[in-house]
Asks: 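Dropping the structure in here first, questions after.
Below, chains carry the letters A, B, ... as their sequence lines are ordered, and counting in each starts from 1. When reading the values below, keep in mind they use all heavy atoms of this one structure, side chains included, and skip hydrogens, waters and symmetry mates.
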2 protein chains.
Amino acid sequence: MAAESPTGESPSRGKRADARRNRETVLAAAAEVFVTSGVDAPIRRIAAQAGVGMATIYRHFPTRADLVTAVYRHQIEACAEAGPTLLAAADSPFDALRRWIDLFVDFLVTKHGLADALQSDNERFAALHAYFLDRLLPVCAQLLDASVEAGDIRPGTQPYELMRGIGNLCAGRDGDPRYDPRRLIALLLQGLRRPDAL
Amino acid sequence: MAAESPTGESPSRGKRADARRNRETVLAAAAEVFVTSGVDAPIRRIAAQAGVGMATIYRHFPTRADLVTAVYRHQIEACAEAGPTLLAAADSPFDALRRWIDLFVDFLVTKHGLADALQSDNERFAALHAYFLDRLLPVCAQLLDASVEAGDIRPGTQPYELMRGIGNLCAGRDGDPRYDPRRLIALLLQGLRRPDAL
DNA sequence: TGACAAAGCGGAGCAGCGCTCCGGATAGTA
DNA sequence: TACTATCCGGAGCGCTGCTCCGCTTTGTCA
């Protein structure tokens, strides 16, 4: 009971009780607002939803990216941890890569505007981009390397380029029945395969 | 000398001389500002650059999309017209498709923020999206159909999906040496090919 | 040429946003 | 209970998009 979570979260230990409380309130409010208004939602609105002042939000999450990453931290971690698991369980490294990308895409498309934020050149989201890369790039690289090793795909593809490409493909107005990023990503993966490997 | 341009441009015929003059001034100023500040540049800045009031810009180009399309109209037309030309000249329909996409990508990546605007769900850019589709979708469809007909690629790919995917891949902060949309688009095209066609 | 609508123009002004700053409230401690 | 470090709220600034209205310019017709 005394031990907090194993990962390095809870960045408000040692703070005053009201501060800790407010942090959680803001997180919950942000999660709620993000669903309906996207991760671009005005800070004022999130503050109103949480019943706190704007400064409180900025104090706990100096950057919008900090707020967004805090809200989705668990899901991003889960995605990162799924990489090695899939690699161990799947039929082939390439199959693991494909399923992991599916997971990543599922995560992205269900967060209104998150993919847009990831690829935007907006200064406010730079840290968000960095966090995703820090956490997911090594996983992607591992899956990619294993696939090359197994001879499933041709070598030479950079993990960063692939990740960003996938993120880009998931961006834009969603809900358009004419556009399903998954189909294009499947095409991309198809292009990645060795010509001789089926 | 009397005949204007053959295409249906010059939407200011019959207007007063100062209005026509201002329209051209704004167009030139916008082109200049777009290069340095992207298509998101504040209207105020464009107005200042042109030496006119903001209302003048809004009067001639009610929507930001109208201004952007007016600035790039010639290049978009050229891209559209290149489709049939390439189809006639290239070694194969698929080669024509590849070269046409190259042209389109070249156009997109040299316009700072244009690809972002195209895929943004921002209301202000809806007309921009529509214009690109109107003009380029039929061309893409023709090239795609011809490639399928020739047996170069597998059938089933929707032109809209392909176009939007390409646009998406070109979006985001540019100048990153780690990311070249062309490489991913090449992968996409590779995935489009028939397995048996080489 | 001169007068007079009509067409066009400029920028003040409003609303919405991100972000900061500081007087006041509050939690923890002695 | 009294005191201070900590935290809070929202007014306020600067920057946007977009509109509205009094003034200016243009083209026309006698």
Side-chain angles (χ1 to χ4, degrees), chain A residues 10-30 33-34 36-71 113 116-117 120-128, chain B residues 10-30 33-34 36-68 70 113 116-117 120-128:
Chain A
S10 82
S12 52
R13 202 182 341 224
K15 298 299 173 94
R16 255 169 52 172
D18 53 349
R20 270 199 302 272
R21 211 182 320 128
N22 271 334
R23 187 175 194 280
E24 293 310 310
T25 308
V26 167
L27 233 32
V33 172
F34 284 172
T36 61
S37 308
V39 295
D40 272 323
I43 296 289
R44 273 181 174 82
R45 197 198 308 267
I46 299 170
Q49 171 79 24
V52 304
M54 282 182 303
T56 299
I57 296 186
Y58 281 106
R59 205 169 301 113
H60 288 293
F61 309 98
T63 273
R64 191 182 213 88
D66 296 318
L67 181 55
V68 176
T69 57
V71 167
D116 305 65
S120 122
D121 53 0
N122 193 321
E123 193 73 26
R124 289 179 299 153
F125 287 120
L128 183 61
Chain B
S10 81
S12 53
R13 201 181 341 222
K15 299 301 174 93
R16 259 170 49 172
D18 53 349
R20 271 198 303 269
R21 211 183 317 130
N22 270 334
R23 188 175 193 278
E24 294 309 311
T25 308
V26 167
L27 234 30
V33 172
F34 284 171
T36 61
S37 308
V39 295
D40 271 324
I43 295 290
R44 271 180 175 80
R45 199 198 308 268
I46 300 171
Q49 170 79 23
V52 304
M54 281 182 304
T56 299
I57 297 187
Y58 280 107
R59 205 170 300 115
H60 288 292
F61 309 99
T63 273
R64 192 181 212 88
D66 295 318
L67 181 54
V68 175
D116 304 65
S120 119
D121 53 359
N122 192 320
E123 193 72 28
R124 290 180 299 153
F125 287 121
L128 183 61

Asks: Give the rounded distance in Å between these two atoms: CE of A:Met54 and C1' of D:dC8.
Replies: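 Nearest whole value for this atom pair: 12 Å.
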
Asks: Out of curiosity, B:Lys15 NZ to B:Arg20 CZ, how far, rounded to the nearest 0.5 Å?
Replies: 10.5 Å

Asks: Is the shortest heavy-atom distance from the side chain of A:Leu67 to the side chain of A:Ile46 under 4.5 Å?
Replies: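 Yes, their side chains come closer than 4.5 Å.
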
Asks: Base of D:dG14, side chain of B:Arg44 - is there a donor-acceptor contact under 3.5 Å?
Replies: no

Asks: Once you round to the nearest 0.5 Å, how far does CD1 of B:Ile57 lie from CG of B:Asn22?
Replies: 9.5 Å

Asks: Could you encode protein contacts along nucleotides 20-30 of chain D as a string, one character per nucleotide from 5' to 3', using B for base contact, S for sugar-phosphate-only contact and - for no contact, with a heavy-atom cut-off of under 4.0 Å?
Replies: B----BSS---

Asks: Would you tell me if any nitrogen or oxygen in the side chain of A:Asn22 comes within less than 4.0 Å of OP1 or OP2 on D:dC8?
Replies: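 So the side-chain polar atoms of A:Asn22 do come within 4.0 Å of the phosphate oxygens OP1 or OP2 of D:dC8, strictly under.
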
Asks: Say you draw a straight line from CG of A:Asp116 to CG of B:Asp116; how long is it, rounded to the nearest 0.5 Å?
Replies: 9.5 Å

Asks: Quick one: list whatever passes side chain to side chain donor-acceptor pair (under 3.5 Å) with A:Arg16, sequence neighbours left out.
Replies: A:Asp18

Asks: Could you state the atom-to-atom distance from OH of A:Tyr58 to P of D:dG10 in whole Å?
Replies: 15 Å

Asks: Strictly below 4.0 Å, heavy-atom distances to any atom of DNA chain D: list the hits from residues 46-53 of chain B, or just say none.
Replies: none

Asks: What residue pairs, at least two apart or across chains, pass side chain to side chain donor-acceptor pair (under 3.5 Å) with a residue in residues 37-46 of chain B?
Replies: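 Residue pairs with at least one partner in residues 37-46 of chain B: there are none.
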
Asks: Going by side chain to side chain contact (heavy atoms under 4.5 Å, CB included), name the residues that satisfy it together with B:Ala50, two or more places apart in sequence or in a different chain.
Replies: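 Partners of B:Ala50 under the side chain to side chain contact (heavy atoms under 4.5 Å, CB included) test: B:Thr25, B:Val26, B:Ala29, B:Val52.
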
Asks: What are the two closest heavy atoms between A:Ala30 and A:Val71, and how far apart are they?
Replies: CB-CG2, 4.0 Å

Asks: For A:His60 and D:dT6, what is the distance between atoms NE2 and P respectively, to the nearest whole Å?
Replies: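 Going from NE2 in A:His60 over to P in D:dT6 covers 14 Å.
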
Asks: Can you check the A:Arg23 CZ to D:dC7 P distance for me, whole Å?
Replies: 13 Å

Asks: When we call it a touch if two heavy atoms are under 4.0 Å apart, what does A:Arg124 touch: a base, just sugar-phosphate, or nothing?
Replies: sugar-phosphate

Asks: For DNA chain C, which nucleotides open and close the run of contacts to chain A, 5' to 3', at under 4.0 angstrom from a non-hydrogen atom?
Replies: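 Here the contact window of chain A covers C:dC17 to C:dG28.
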
Asks: My understanding is that only residues two or more places apart in sequence, or in another chain, count here; which of them pass side chain to side chain contact (heavy atoms under 4.5 Å, CB included) with B:Ala65?
Replies: B:Thr63, B:Ala127, B:Leu128

Asks: Can you tell me how far the CG atom of A:Leu27 sits from the NE2 atom of A:His60, to the nearest 0.5 Å?
Replies: 10.0 Å

Asks: Got B:Phe61 and B:Val68 here, is their nearest side-chain heavy-atom distance under 4.5 Å?
Replies: no

